[in-house]
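Only one structure is covered here, and it is reproduced in the block below.
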There are 2 protein chains.
Amino acid sequence: MVRRAASDDEGRRPTTIRDVAAHAGVSVATVSRILSGSYPSAPATRGKVMRAVRELDYVANANARGLAGASSRSVAIIVNSVVSPHYAHVAQGVQTQAAIEGKLCIVGTTGGDPERELATVQLMRQEQAECVILVGNVVADEAYRERMGDYARALALAGSQLVLCGRPALGPDVPALVIEYDNTGGAYAITSHLLSAGHRRILFLGRRDGHTTPDSRIAGYRAALADHHVPHDPALEAEGTMERREGHRMVRERLDAGPPDFTAIFACNDLVAAGARQALREHGLSVPGDVSLVGFDDLPPAADIDLTTVHVPHEELGRTAVRLALDRERDRPGRPEHVLLGTHIIVRDSVRPLRGPALP
Amino acid sequence: MVRRAASDDEGRRPTTIRDVAAHAGVSVATVSRILSGSYPSAPATRGKVMRAVRELDYVANANARGLAGASSRSVAIIVNSVVSPHYAHVAQGVQTQAAIEGKLCIVGTTGGDPERELATVQLMRQEQAECVILVGNVVADEAYRERMGDYARALALAGSQLVLCGRPALGPDVPALVIEYDNTGGAYAITSHLLSAGHRRILFLGRRDGHTTPDSRIAGYRAALADHHVPHDPALEAEGTMERREGHRMVRERLDAGPPDFTAIFACNDLVAAGARQALREHGLSVPGDVSLVGFDDLPPAADIDLTTVHVPHEELGRTAVRLALDRERDRPGRPEHVLLGTHIIVRDSVRPLRGPALP
DNA sequence: ACCGGAAGTTAAAACGCTTACTATGATCCG
DNA sequence: CGGATCATAGTAAGCGTTTTAACTTCCGGT
């Protein structure tokens with residue numbers, strides 16, 4: 001059986017537009033036109049062609065289609081990892097909007113490695129993606145910026161478009177769309193929330209100089225402290241990545257070293273907050289009874305642990321990225337090159353006002 | 001330099017292999033062969049070509065490449081949603097293995113709609129994906145099975161391959177790879193775990209007849225009850241979908257109606273368990289103090305809420321799907337058509353033994 | 001009766017690449 | 001030293017679409 005199928009091979013080649021044309025008794029050009037729909041055609045012809053398509057179970061070859069002229073109808077998204085809720089939600093937005101626009105979505109992951117990111121961009125360029133969306137946090141290394149700038153130019157030259165999603169612009173002369181959300185503003189707001197509750201010693205979890213996301217969040221934290229005339233203690237800025245276990249580690253190490261010298265914690269994201277919360281409980285401290293805790297992102301773990309946090313419009317970020325990138329009237333004066341989406345606090349049950357005078 | 005290269009052509013058309021050939025002073029065939037690496041070539045020629053590629057910043061056109069013979073180098077994955085941890089983790093596995101095999105990954109989402117799923121498979125067929133991986137739970141509707149069977153055959157005919165990942169086979173004559181994990185076994189094991197702790201009235205959360213995943217999990221639950229000679233009370237099977245808020249709803253409605261008539265809960269997945277836990281706490285019941293709680297999946301929410309659950313090898317599922325699908329020695333006798341990956345219990349802190357005689 | 005043009009259709013030229021098949025020297029054996 | 005062998009490189013024929021330009025009809029208007 002299998003052997004027969006294999007030897008039939010030349011006969012069993014997939015149906016092409018030529019087969020459809022022959023079956024319907026028209027030319028390939030007509031079939032192509034009718035299928036792409038963008039051309040007048042007699043109803044009778046149309047009927048014949050559609051029937052042939054159904055009978056032969058014909059599906060167009062996307063490669064040939066892409067080659068012959070029409071754009072490849074695909075958008076590319078590059079993320080660190082698909083399992084991280086942050087990226088997943090942005091990806092979901094991209095997916096949704098891509099589907100609406102009739103494009104499909106190719107995904108690349110980098111594991112946070114700039115080298116792999118660059119390589120993946122090249123891959124997407126090969127693939128003729130209509131736009132390449134880069135999501136998230138990255139090292140603001142100079143050599144890297146330059147290289148990415150080159151790629152942005154290369155993409156633009158090829159009629160594609162680089163989109164930076166949730167990360168700062170590369171430079172004024174780089175042809176890239178930037179869709180950001182207000183990291184600093186959100187961090188400022190939630191730090192103020194803690195300050196209003198009377199907290200003065202707020203531990204920041206996840207400082208990581210040179211990484212764009214933590215950098216802008218810590219900036220909001222510092223600005224809020226300054227505006228409230230609370231002295232800034234660098235010792236209250238713990239260094240670490242944005243992973244759950246890092247949140248756990250940072251708090252554990254701190255508590256192992258002695259009793260807490262803070263009354264509240266601002267974790268640079270919800271994952272870190274979840275880790276921190278676990279470490280606190282392991283040391284017999286409750287949230288918010290003993291320590292107040294806030295995060296950033298408003299992603300799944302937040303609701304589960306009743307965390308007050310900053311809501312980030314992840315899906316909208318992705319949708320906007322696609323929508324703007326595909327908005328092909330490039331010359332249209334109204335088309336923004338830089339979008340900043342707002343963030344806002346979600347109050348749950350992880351912050352308690354500090355009783356009595358709380359000055360250090 | 002750049003200006004010259006651009007003005008050489010009438011417009012800013014992207015660099016082609018012909019440009020590279022001209023620049024290097026060789027034929028296109030030579031460039032093609034050197035780039036694909038699958039051919040002997042003199043080191044001198046190779047050097048010239050590589051330099052030209054670098055100088056012109058040439059990247060091959062994947063569409064043309066796919067058209068001209070070489071396979072399209074892409075695998076397709078179709079999931080309900082990218083944000084659900086379950087799908088995300090499988091997708092991660094697919095991504096990883098695809099990257100290892102040098103393929104890229106195109107993703108489609110269906111939102112759980114069978115109609116959209118079918119449409120997306122067609123889209124992937126157009127795209128000439130080397131395999132199409134379908135993940136997860138689905139209604140076992142007969143008409144749907146038949147249509148999917150047709151698609152499986154169409155894909156096979158086109159040299160592609162349908163892979164069913166975490167869902168049951170379509171039928172004996174359907175050319176599809178099936179990668180499952182042991183839902184029933186896992187459910188049996190964790191139910192036994194509760195039974196061994198003395199629980200006799202175990203509430204099952206998430207019955208949904210006709211949906212493959214809940215069906216097979218509840219089957220394990222029932223089998224364990226039967227084997228332990230515990231009477232099976234259909235009233236202890238609450239109906240609902242696999243979402244967090246549904247877990248919350250099912251438990252809330254139950255507790256609103258009267259005091260708990262159960263001592264433990266088996267939620268059909270971790271998300272539902274998280275929702276259930278929240279509802280319990282809102283009613284002043286603690287886990288595991290008052291009620292024991294277990295889930296299924298071992299995904300992020302589980303660790304945060306200290307949930308005893310069944311570990312599912314999600315990533316491995318995705319990796320295996322890609323690996324097997326691309327294993328193109330179809331005739332190789334050893335190539336399995338059906339793989340069943342094992343599951344095992346992860347014990348955390350959400351189950352407490354029941355004291356004293358616990359017979360109903 | 002003739003022309004201009006609309007409507008519908010077609011032949012054929014791309015699109016950028018891979019890959020038989022073919023050509024060219026250089027090397028080697030008898 | 002003639003022809004066979006080998007290592008490279010080139011020629012050209014597709015791959016399955018889209019699209020341009022051209023070609024029929026078939027009108028109504030003059």
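Order of the sequence lines sets the chain letters (A, B, ...), proteins ahead of strands, with each chain counted from 1. Just so we're clear, the structure is a prediction, and the values are computed from it rather than from any experiment.
In this structure, A:Tyr58 and B:Val26 both approach DNA chain D, and ranking their closest nucleotides by distance from the 5' end singles out B:Val26. Position along DNA chain D of the nearest nucleotide to B:Ala64 versus A:Ser36 favours B:Ala64 as the more 5'-ward residue. When the nearest nucleotides of DNA chain C are assigned to B:Val31 and A:Ala29 by heavy-atom distance, the more 5′-ward of the two goes with A:Ala29.
Taking side-chain N and O atoms only, B:Thr16 has no distance below 4.0 Å to OP1 or OP2 of C:dG16. For B:Thr30, no side-chain nitrogen or oxygen approaches OP1 or OP2 of D:dA9 to under 4.0 Å. Close to C:dC17, at under 4.0 Å from its OP1 or OP2, lies no side-chain N or O of B:Ser32.
Under 3.5 Å, the side chain of A:Arg33 and the base of D:dT20 form at least one donor-acceptor pair of N or O atoms. Taking only distance into account, the side chain of A:Arg46 never meets the base of C:dG8 through a donor-acceptor pair shorter than 3.5 Å.
A:Thr45 comes within 4.0 angstrom of the backbone, heavy atoms only, and of no base. Backbone-only contact: B:Ala42 has heavy atoms under 4.0 Å from sugar-phosphate atoms and none from a base.
Looking only at distances, no side-chain donor or acceptor of B:Ser160 sits under 3.5 Å from a matching main-chain atom of B:Ala156. In this structure a side-chain-to-backbone donor-acceptor pair under 3.5 Å is present from A:Gln95 to B:Val107.
Summarising the geometry, the separation between CG on B:Asn61 and C1' on C:dG16 is reported as 6 Å, rounded to the nearest angstrom. The CG-P distance, from B:Asp19 to C:dC15, rounds to 11 Å in whole Å. Nucleotide C:dA14 holds its P atom 10 Å from the CZ atom of B:Arg18, rounded to whole Å. The distance between atom CZ of A:Arg125 and atom P of C:dG16, rounded to the nearest whole Å, is 15 Å. Following rounding to the nearest Å, B:Ile17 (CD1) and D:dA12 (C1') show an atom-to-atom distance of 14 Å. As a whole-Å value, the separation of A:Leu56 CG from D:dG16 P is 15 Å. Between the CG atom of B:Asn63 and the C1' atom of C:dA14 there is a distance of 15 Å, given to the nearest Å. Straight-line distance from the CZ atom of B:Arg65 to the C1' atom of D:dG14: 18 Å, rounded to whole Å.
If you check C:dA11, D:dA12, D:dT17 against the side chain of A:Ser27, the one that comes closest is C:dA11. Nearest to the side chain of B:Leu67, among D:dT17, C:dG16, C:dT9, sits C:dG16.
To the nearest 0.5 Å, the span separating CZ on A:Arg319 from OG1 on A:Thr96 amounts to 6.5 Å.
Side-chain N/O atoms of B:Ser27 and B:Thr30 include a donor and acceptor closer than 3.5 Å.
Across all non-hydrogen atoms, the minimal contact from B:Met124 to B:Gly108 is CE-N, 3.7 Å.
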